[in-house]
Amino acid sequence: MAGTTDQEAAPMRAMVDFACLDDDCKAAVFFNLMEVKGAGDPVICAQCHREYHLDASFLGKLQRLRKLVLTVQEAADLLGDVNVAVTTPQGEVKIPYWLMLTRLNTIITLDLGGRKVDFNFRVEPLNQQTFR
């Protein structure tokens, strides 16, 4: 992505959450996708304090998601002209792409130690500061 640097992205927030894997906890564990750089800092459950260390493969996926978030942000002016057409029995309905991104939740399901874990990520691409 030409013209986008980590410094420009610093104030942006892209919050991701998942249910704590501790069977006695299950609290939502939150982290800011825009701040994930490497495996040095674990993600910690605020309720039970369980630490989650992100491996290289998972970090690679998160970094690609981070790039996607920044690309969507960069394309905000284009998205105002983009629609997704849905065919219904009453005919074709055009839904503005930005509306889909701001009203639908993105869920990334990954296998963690044999368990399928949903990572919730809500995108608000037309807000200049926050993706949720």
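- Not one N or O on the side chain of Arg50 forms a donor-acceptor pair closer than 3.5 Å with the backbone of Cys20.
- Val16 and Ile107 fall into different hydrophobic clusters, where Ile, Leu, Val, Met, Phe, Trp and Tyr side chains are chained together by heavy-atom contacts under 4.5 Å.
- Phe31 contributes atom CZ, which lies 13.0 Å from atom SG of Cys45 (distance to the nearest 0.5 angstrom).
- Ring planes of Tyr52 and Phe18: perpendicular class, angle over 60° (limits at 30 and 60°).
- From Phe119, atom CZ reaches atom OG1 of Thr109 across 9.5 Å, with rounding to the nearest 0.5 Å.
- Smallest separation of non-hydrogen atoms from Val29 and Ile44: CG1-O, 4.0 Å.
- A distance-only check finds a donor-acceptor pair linking the side chain of Asp22 to the backbone of Asp24 [under 3.5 Å].
- A single hydrophobic cluster is seen to contain both Ile95 and Val82, as judged by linkage of ILVMFWY side chains at heavy-atom distances under 4.5 Å, directly or through other members.
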Assess the residue pair Asp111 and Lys61 against the criterion (salt bridge (charged side-chain N to carboxylate O under 4.0 Å, His left out)); give the C-alpha distance rounded to whole Å, side-chain angles, the decisive distance to 0.1 Å, and a yes or no.
CA-CA 13 Å; Asp111 188 304; Lys61 290 177 183 181; over 6 Å; no
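- Closest heavy-atom contact between Leu21 and Arg115: O-NH1, 2.9 Å.
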